[in-house]
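All chains are named by letter (A, B, ...) in the order of the sequence lines, taking the proteins before the strands, and each is independently numbered beginning at 1. These numbers come from the heavy atoms of this one structure, side chains and all, not from hydrogens, waters or symmetry mates.
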Number of protein chains: 2
Amino acid sequence: MAGRQDMVIWMRPEQAAVGRPAERSRAEITAAAVALADREGLAAVSMRRVAAELGTGAASLYRYVATRDDLLDLMTDSTAAGYDLPEPTGDWLADLVEVGRQARRIMRRHPWLPALVTARPVLGPNGVDVLEHVLGVLAAQPAGAAAKLEAFALMNAFTAVFVQHELGGGEPATRHHAAYLRQVAAAGGHPRLAAALTEAAAPADGPADHDEADRYEAALARVLAGLLTPPR
Amino acid sequence: MAGRQDMVIWMRPEQAAVGRPAERSRAEITAAAVALADREGLAAVSMRRVAAELGTGAASLYRYVATRDDLLDLMTDSTAAGYDLPEPTGDWLADLVEVGRQARRIMRRHPWLPALVTARPVLGPNGVDVLEHVLGVLAAQPAGAAAKLEAFALMNAFTAVFVQHELGGGEPATRHHAAYLRQVAAAGGHPRLAAALTEAAAPADGPADHDEADRYEAALARVLAGLLTPPR
DNA sequence: GTCATTCGCGAACGATGTTCGCGAACCGAG
DNA sequence: CTCGGTTCGCGAACATCGTTCGCGAATGAC
């Protein structure tokens, strides 16, 4: 008979009904992994490191999780518990932007999240609640179900890309990348790029978080309006 | 003095001016890696496998590439050579959608590309040409340079997410994921989700590639129009 | 021909995800 | 209270990975 390993982790029972009871829980392991990722980045989340964080052996984790990817899925969904989902107000666009605002807040609190959700978009119990809320907000909208699901996926991806740009500003890789772009611009073959780079580097006033948030919400509103408003 | 390793690969000289000449080139190694990824997926692109594909030792690759990530960057940029960039027509939206159409074609030809560009968005010589073209198309548009660069990044991310959904239809992970969503829907606590799933699964007529392409281009046009059209 | 310099690459290092196997721990039945 | 069935914790091992080291061989400039 086929094993139970080949399904999403939330379809497998957490504890066996009989036998020696487990000393830890999925939630406990997930919390340790999230704390570790917050502190040292996603690359530090190895089975051995997480186990050490819990004071156990690496092999023990496989009693709770079939694979490392399962653990990453648990981490992703656990962050979705941080949403506060109020009743729809009737203004679907404003309600969606509010969801986006919270997504941005959560992703900024967990800098590893954008990379994870783009690499493995996954819906666990908490993520499903968010999706249900979004579908409720869009209930009166004339778009099809497929379009609404797509809009939800795109909203997450858009937020992830945006936050990655925000947080990556000081990252070395981005700096080196910028150095290459400046070299290309200086070479002369790409005048539009050269102009764009000097113009984009112009606003020397400190980019407060307030401005970034406004830019994010404005862009998200435009994208969502473009996606979900019926063509005239 | 600081080494030269800590910069984007395209800022380092490909060949030394003196000494024994190299037997291979970056382009050759990149091509081998791309062919391997096309055939067996991105996970198969290890230094040893790529070297074996070329009939050399794994350590030899480090004469051409400082790190595996450098090789991935080369792969990404090499696919950007596949764009055909015609003169702008004057209709910026149509021109941008044409770029998106080509991006989708290229990503479908290289199924590993969406994951790679979302994980490591990078601009090499070919990518820079595409960006220059996009900036040329948007030259008359009243948006700021930062907004245009953001639109370019978002266009790529949007296309990657879309293609990933398209190609992921048959992937096991997506199937298992769908099984979980159906279970949640059947449990009863998420009526909107249940309705959306049944409605989205309804169109039993064969979803030809034509339909997918139209849906992609329509959605992209809406997103871009929302992002780059000045508010009224 | 000499020499500085680079190239190719076998071998090794450290780290990773995962599996195996077994002794210990637990619960319910008798 | 004992015993049997079952699960748990986890040390050890395996395969594989990215990367480094070191040295003989190849090369072009003079």
Going by atom types only, do A:T67 and A:Y62 share a side-chain donor-acceptor pair under 3.5 Å?
-> no
Residue pairs meeting salt bridge (charged side-chain N to carboxylate O under 4.0 Å, His left out), one or both in residues 45-61 of chain A, sequence neighbours left out, come to A:R39-A:E53, A:E40-A:R49, A:R49-A:E53
Pairs satisfying salt bridge (charged side-chain N to carboxylate O under 4.0 Å, His left out), at least one member in residues 153-162 of chain A, at least two apart = none
Before giving the answer on side chain to side chain contact (heavy atoms under 4.5 Å, CB included), spell out for B:L96 and B:L220 the whole-Å C-alpha distance, their side-chain angles and the decisive distance to 0.1 Å.
-> CA-CA 9 Å; B:L96 249 44; B:L220 176 61; over 6 Å; no
For nucleotides 5-14 of chain C, read 5' to 3', which letter fits each nucleotide if B means a protein heavy atom sits under 4.0 Å from the base, S means only the sugar-phosphate is that close, and - means neither?
-> BBBBBB-B--
Strictly below 4.0 Å, heavy-atom distances to any atom of DNA chain C: list the hits from residues 33-43 of chain B, or just say none.
-> none
Could I get the full list of salt bridge (Lys or Arg N to Asp or Glu O under 4.0 Å) partners for B:E23, not counting sequence neighbours?
-> B:R20
A:W112 vs A:L36, side chain to side chain contact (heavy atoms under 4.5 Å, CB included): CA-CA, chis, key distance, verdict | CA-CA 11 Å; A:W112 42 270; A:L36 181 58; over 6 Å; no
Rounded to the nearest angstrom, tell me the gap between atom OH in A:Y62 and atom C1' in D:dA13.
-> 14 Å
Quick one: which residue pairs count as a salt bridge (charged side-chain N to carboxylate O under 4.0 Å, His left out) with a foot in residues 73-84 of chain A, not counting sequence neighbours?
-> A:D73-A:R120
Whole-Å gap separating C1' (D:dC17) and CZ (A:R68) | 13 Å
Think A:T67 has a side-chain N or O under 4.0 angstrom from the OP1 or OP2 of C:dG17?
-> no
Whole angstrom is fine here: how far is it from CG in B:L72 over to P in D:dC17?
-> 14 Å
Checking side chain to side chain donor-acceptor pair (under 3.5 Å) against B:H110, which of B:T79, B:T76, B:D38 comes through?
-> B:D38
